[in-house]
*Asks:* 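Before we start, here is the structure in question, set down as structure tokens.
When a ligand or atom number is given, it counts from 1 through the structure's own listing order.
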Amino acid sequence: MKFIISTSNKNEKQGHELVIVPAFKSKSKKAINISDWDPSFKTAFNKIKASKFFEGAKGQIFNFQLENGTTVLALGLGERSSVSLEILRCEAANVCKKILNQHSEVVLKISQFALKEDFERSVSSVIQGFLLSSYKFEKHLSSKSEQKLKKVVLEVDSKDSKAAKKALQESLIICESVNFCRDLVNEPPNILNSETYAKLVEKDSKKLNRVKVKVLGRQQLKKEKMGMFLSVNAGSAYEPRLVHLTYTPKKVTKKTKHIVLVGKGLTFDTGGYSLKPSGSMMNMKFDMAGSSTVYSAFRAASLLNTDVKVTCLLGITDNAVNEKATMPDSIVTARNGKTVEILNTDAEGRLVLGDVLSYASDLKPDTIIDAATLTGACLVSLGHEMCGLMTNSDKLANSLLESAKEVDEYMWQLPIIDPFRKDMKSNIADLKNMGGSRFGGTSKAAAFLENFVDPKIAWAHLDIAGIGDSQSHLPYCPSKGASGSIVRTLTHYLTNI
Ligand code: BES
Ligand code: ZN
Ligand code: ZN
């Protein structure tokens, strides 16, 4: 699907295959508000007797023809005053899915869609609706569906063309990164293992701006004394990988901020000896979504040439079972010297993240943000719709919550309190990897992670166990499979500090 920005309706005579215009519901009467429409559109519309039933309610569609053969699709958006960027994104997604296999070209009267106060972000929302909703994971299908829609023309007033170009450029990068994230998460574990995953990221990172990459393997992790990370990998047929990427902005001064992103990259989570029941094990290929989320945001931030220095650390392994796999009751030593009693080998994400967070702290950044499909408890507390946020810094909490709000993703802060910290202490080691009960499991996992972060550094932990997939409530996300959620929030955060 290719996007083109056009400043005139020069094809008026020949007409177009399809033109989409917005229609707004009137506050007072049952009539619709079509005051922005071209006169020829109004005439053709009003001629149709059934047009009186079209109110312009959100999601309502009315098709009609112009004399020049153009099909016009009037898309209801509800009352103009209640239209939001998310409504534009969702309605663009819905209409895109409708026409995707029916038309090859479409013209969008984008200036008419735009919210008065926010032209650029309105254009971005519509483009995002198209690009995110048309995503399909068909790599492994022998017969792939052919998408008919090839060209989307965004018709803008000439005064808006610069802003539209900027919105298009940025949206293409962001959506490509969200879809890249989805591809990674959807890839099955027999294809995406720790070694192939690290190679794939290394290769992709070559396309980015001012990015360096190094990949640490088992020997280097041993040198780093990452006893927790290595204990998770003990039962694996593949070597562990720590992918370390750095992005340097064009200009670096003493004031340049340094943000480190950390991601849980479990290419598959069987639970280990604390084996998951088969129903819960299904889909555990998605347990690397934290790593693909932070990498995709890092990727977008680099392509958008953000002004901050960004490091991205991906802790990659699977959690499998063989005769060498770590047994419950084992005690291991973390990179920072703390000892940990492993009561449940299924609480493995925190073991990988803990060592990578300690490595991140040694880089002495201003901020560390990790993302992980860390706890089933997050689904219980916040559902599939909400990302959990836990942090040691109110300022960072506010920035991340604000970023999420700006891009219409749901994020909710959960507390880390002393009783949770206490529950993660063991009698025979410094810590245990599981609390005394599953209650409050999301926050208790964060209380565990906190032990591996330098308290002087602002740190936030994002639990994406719910939001990583199955976003059936969002028309621009696949209802099954990877969502790519939170890539937009993190990209916004990285490009607006
Ligand atoms: N990867 C899972 C978390 C998960 C579970 C994400 C279900 C999405 C859906 C994680 O490694 C895990 O198994 N956590 C355990 C921790 C428990 C043993 C303390 C959990 O949540 O049950
Ligand atoms: Zn697990
Ligand atoms: Zn896991």
*Asks:* Determine whether L379 and H384 satisfy the following criterion, side chain to side chain contact (heavy atoms under 4.5 Å, CB included), listing intermediate values before the conclusion.
*Replies:* CA-CA 6 Å; L379 272 148; H384 265 296; 3.6 Å; yes

*Asks:* If I apply the N/O under 3.5 Å rule, does E348 come out as touching ligand 1?
*Replies:*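 Right, the criterion is met.
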
*Asks:* Would R299 pass as a cation-pi partner of F180, given that its NZ or CZ must be under 6.0 Å from the six-membered ring centre and within 45 degrees of the axis?
*Replies:*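 Geometry flag: set, cation within 6.0 Å and 45°.
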
*Asks:* Specify whether an N/O/S atom of K264 falls short of 2.8 Å from the Zn ion (ligand 3).
*Replies:*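 Checking the Zn ion (ligand 3) against K264, an N, O or S atom does fall under 2.8 Å.
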
*Asks:* Ignoring hydrogens and geometry beyond distance, is a side-chain donor-acceptor pair present between S426 and E341 at under 3.5 Å?
*Replies:*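 E341 and S426 do have a side-chain donor-acceptor pair below 3.5 Å.
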
*Asks:* If we only consider heavy atoms of K432, is any one of them less than 4.0 Å away from an atom in ligand 1?
*Replies:*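 Heavy atoms of K432 never come under 4.0 Å of ligand 1.
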
*Asks:* Quick one: does T375 get an N or O within less than 3.5 Å of an N or O on ligand 1?
*Replies:*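 In fact, backbone or side chain, T375 has no N or O that close.
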
*Asks:* So H461 and W459, would you call those rings parallel, tilted or perpendicular, with 30° and 60° as cut-offs?
*Replies:*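 Because their plane-to-plane angle is under 30°, the rings of H461 and W459 count as parallel.
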
*Asks:* Please say which of V106, I99, I20 ends up in a side-chain contact (heavy atoms from CB on, under 4.5 Å) with V152.
*Replies:*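 Testing V152 for a side-chain contact (heavy atoms from CB on, under 4.5 Å) against V106, I99, I20 leaves exactly one candidate, V106.
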
*Asks:* Give the single entry among R438, R350, M284 that approaches atom 22 (O) of ligand 1 most closely by any heavy atom.
*Replies:*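 It is R438 that holds the nearest heavy atom.
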
*Asks:* Can you give the angle D346 OD1 - the Zn ion (ligand 2) - D269 OD2, rounded to 10°?
*Replies:*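 My answer is 100°, to the nearest 10°.
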
*Asks:* Can K444 be said to touch ligand 1, with heavy atoms closer than 4.0 Å?
*Replies:*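 Checking ligand 1 against K444, which is what was asked, there is no heavy-atom contact under 4.0 Å.
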
